[in-house]
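In the text below, chain A, chain B and the rest are named by the order of the sequence lines, each starting its count at 1. None of the values given here were measured: they were computed from a predicted structure.
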Protein chains: 2
Amino acid sequence: MTRPRRRADAELNRARIVAAARSLVQQPDELRLNEVAKAAGVGQGTLYRHFASREELLVEVYRDDVHELVEAASVLLAHHDPLSALAAWFRRVTEYARIKRGVFAAVTTSVRTDLADHSIGSIGEAITSLLDAGKAEGVIRGDADARDVILLIGALTRLDDDEWDTRADRLLRIVLDGLRANE
Amino acid sequence: MTRPRRRADAELNRARIVAAARSLVQQPDELRLNEVAKAAGVGQGTLYRHFASREELLVEVYRDDVHELVEAASVLLAHHDPLSALAAWFRRVTEYARIKRGVFAAVTTSVRTDLADHSIGSIGEAITSLLDAGKAEGVIRGDADARDVILLIGALTRLDDDEWDTRADRLLRIVLDGLRANE
DNA sequence: ACCTGAACACCGTTCAAGT
DNA sequence: ACCTGAACACCGTTCAAGT
């Protein structure tokens, strides 16, 4: 868990890049990496030295948000029954997806990276804990796993801006119902 | 419904472009438009004259496949109960999505274009007819519409190649269960 | 009316030179 | 060990010239 040592200037550049990216992702256009480098005041090569891919950068940009989602899962489970916790967590994810669309991409990327590492990762664990609580009470189908949830919730990513109000909640309810054990 | 008149050479070029694209989309790489033009033996400008956007081209490339899916809906409804028909149609879409991943993008684009035209379009009608049959019998939730289905089924698009066998069926079952009226 | 293909635009990515 | 930024690569898109 100890950070790899970096030269102070490298550390600073890295932080500048992430800060610039965090500000630029707010805009509706696709994030341009050269623009990030320019806004951060570093050369393009420096960006690539710190982040081997666009996705690595995005994971870093949304690290705190993803962490909050992970924390939320256990808090919700402590205070609600499994189905309500899952529903509330879904709503939480949706809010993020609505405001910061990139969060979802970061979540998906994280999960994918984690799986490639043969580890489930923190987001995967969060979703798994929600599902497991429901399975233990027999209210969630036994065969569903975290990646099923990620893939289905991903439908929200493709919502048009003007559809959220009418459609997002219903989509989540459909997914939630589909995940319930057929009593 | 009558075709707009085109010069014979234009018609031929158009057909060549679609044929070249149909062959090139088979490959795993992204479809490069310049490559399509080259393979079709026409200038790039000719491609743009016939298809204003990449999506327009893709809709044309998959026109027959989309039409087959539309036809399948009424055939299935004639021979099965609504839920089985919907399940069978889902499986059909999945097979297409697995073999020709682009079909799904074409379906989505068609639906989106149709909606922008304030018309539901043939694919939208096909899905609506499947849903309506189920609603009439009280086995499908009354608030679900064709676009919900498109968005949810779209989860399959993001499956990795090696996941299909283990995950595709389950995802479809989850969506199908979610679409059922809670008895 | 339609076609051609050189040229332009836009970005991601690399790498030689520098500190 | 790290940074810079010119240069390259890759594609989509346009448009002047041609039939």
Side-chain angles (χ1 to χ4, degrees), chain A residues 2-62 101-102 105-106 108-109 112-113 116, chain B residues 2-62 101-102 105-106 108-109 112-113 116:
Chain A
T2 56
R3 292 283 207 79
R5 297 221 174 180
R6 271 190 281 260
R7 254 169 44 180
D9 57 342
E11 197 69 54
L12 183 60
N13 278 334
R14 188 186 168 90
R16 277 185 181 145
I17 291 166
V18 174
R22 224 186 298 264
S23 149
L24 286 171
V25 284
Q26 311 267 22
Q27 282 168 277
D29 340 276
E30 273 291 286
L31 186 71
R32 271 160 296 179
L33 297 184
N34 283 352
E35 198 183 349
V36 172
K38 197 176 178 186
V42 303
Q44 306 99 289
T46 304
L47 194 153
Y48 283 90
R49 160 169 273 266
H50 286 289
F51 303 99
S53 71
R54 160 189 234 91
E55 301 201 329
E56 262 185 40
L57 175 57
L58 286 176
V59 167
E60 191 62 37
V61 164
Y62 290 114
R101 296 222 166 189
T108 306
T109 303
R112 194 169 293 268
T113 310
Chain B
T2 57
R3 292 281 208 77
R5 298 227 176 175
R6 272 189 281 257
R7 252 168 45 177
D9 56 342
E11 196 68 54
L12 184 60
N13 277 335
R14 188 186 167 89
R16 277 185 180 145
I17 290 165
V18 175
R22 219 181 310 255
S23 149
L24 286 170
V25 283
Q26 311 270 19
Q27 285 168 273
D29 340 274
E30 273 291 284
L31 187 70
R32 271 160 296 178
L33 296 185
N34 283 353
E35 198 184 351
V36 172
K38 196 175 180 190
V42 303
Q44 306 98 290
T46 305
L47 194 154
Y48 283 90
R49 162 169 274 264
H50 287 289
F51 303 99
S53 69
R54 160 191 233 88
E55 300 202 328
E56 262 185 39
L57 175 56
L58 286 176
V59 167
E60 191 62 36
V61 163
Y62 290 112
R101 296 222 165 186
T108 307
T109 305
R112 194 168 292 266
T113 312

**Q** Select one nucleotide: of C:dG12, D:dT13, D:dC3, the one nearest the side-chain heavy atoms of A:L33.
**A**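 The closest nucleotide is C:dG12.
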**Q** What does C:dT19 pair with, Watson-Crick or G-U, if both distances are under 3.5 Å?
**A**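 Partner of C:dT19: D:dA1.
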**Q** Contact class for B:R32 (heavy atom, under 4.0 Å): base, sugar-phosphate, or nothing?
**A**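 The answer is sugar-phosphate, as B:R32 gets under 4.0 Å only of primed atoms, P, OP1 or OP2.
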**Q** Using a heavy-atom cut-off of 4.0 Å across all strands, would you classify B:N34 as base, sugar-phosphate, or nothing?
**A**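 Result for B:N34 = base.
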**Q** Rounded to whole angstrom units, what separation is found between the CG atom of B:L24 and the P atom of D:dC11?
**A**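 Result: 13 Å.
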**Q** I need the CD1-C1' distance between B:I17 and C:dC3, as an integer number of Å.
**A**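 Going from CD1 in B:I17 over to C1' in C:dC3 covers 10 Å.
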**Q** Could you tell me which nucleotide pairs with D:dC10 by Watson-Crick or G-U wobble geometry, both distances under 3.5 Å, or answer none if nothing does?
**A**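 Base-paired to nothing in any strand shown.
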**Q** Out of C:dC3, D:dT4, C:dT4, which has the shortest distance to the side chain of B:N13?
**A**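 Among C:dC3, D:dT4, C:dT4, the one nearest the side chain of B:N13 is C:dC3.
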**Q** Taking atom P of C:dG12 as reference, at what distance in whole Å does atom CD of A:E55 sit?
**A**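 Distance check: A:E55 CD to C:dG12 P gives 14 Å.
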**Q** In whole angstrom, give the distance that lies between atom CZ of A:F51 and atom C1' of C:dT13.
**A**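 Taking CZ of A:F51 and C1' of C:dT13, I get 16 Å after rounding.
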**Q** Would you classify A:L31 as touching base, sugar-phosphate or nothing, given that sugar-phosphate means primed atoms plus P, OP1 and OP2, and contacts are heavy atoms under 4.0 Å?
**A**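 Contact class for A:L31: sugar-phosphate only.
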**Q** Quick one: B:D9 CG to C:dC2 P, roughly how many Å, whole number?
**A**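 Rounded to the whole Å, the gap is 8 Å.
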**Q** Counting just side-chain N and O atoms, does B:H50 come under 4.0 Å of either OP1 or OP2 of C:dC3?
**A**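 So the side chain of B:H50 is within the cut-off, an N or O lying under 4.0 Å from OP1 or OP2 of C:dC3.
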**Q** Of the nucleotides D:dG12, C:dT4, D:dC3, which has the atom closest to the B:T46 side chain?
**A**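 Nearest to the side chain of B:T46 among the choices is C:dT4.
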**Q** Looking at A:R49, I'd like to know whether one of its side-chain N or O atoms comes within less than 4.0 Å of OP1 or OP2 on D:dC2.
**A**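 Checking A:R49 against D:dC2: at least one side-chain N or O falls below 4.0 Å of OP1 or OP2.
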**Q** Any non-hydrogen side-chain atom of B:F51 less than 4.5 Å from a side-chain atom of B:V59?
**A**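 The answer is no, as the side chains (C-beta and beyond) never meet within the 4.5 Å cut-off.
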**Q** Nearest heavy-atom pair of B:H50 and B:R14: which atoms, and what distance?
**A**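 Taking B:H50 first and B:R14 second, the nearest heavy atoms are O-NH1, 3.5 Å.
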**Q** Just so I know, are the side chains of B:D29 and B:Q27 near enough to count as touching, which here means a heavy-atom distance under 4.5 Å?
**A**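 In contact.
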**Q** Nearest-Å distance, CD (B:Q44) to C1' (D:dT13)?
**A**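 Nearest whole value for this atom pair: 9 Å.
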**Q** Where do B:V36 and B:I17 come nearest, in terms of heavy atoms and distance?
**A**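 Taking every non-hydrogen atom into account, CG1-O, 3.8 Å.
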**Q** Taking side chain as C-beta onward, heavy atoms only, is A:L33 less than 4.5 Å from A:L57?
**A**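 SC-SC contact between A:L33 and A:L57 confirmed.
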**Q** Start at the 5' end of DNA chain C and walk down; is the nucleotide closest to A:E35 or to A:G45 reached first?
**A**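 Whichever sits nearer the 5' end wins; that is A:E35.
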**Q** Between D:dG12 atom P and B:Y48 atom OH, what is the distance in whole Å?
**A**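 Interatomic distance, OH of B:Y48 to P of D:dG12: 6 Å.
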**Q** Just the rounded figure in Å: distance from P of C:dC3 to CZ of B:R7.
**A**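 After rounding, the reported distance stands at 7 Å.
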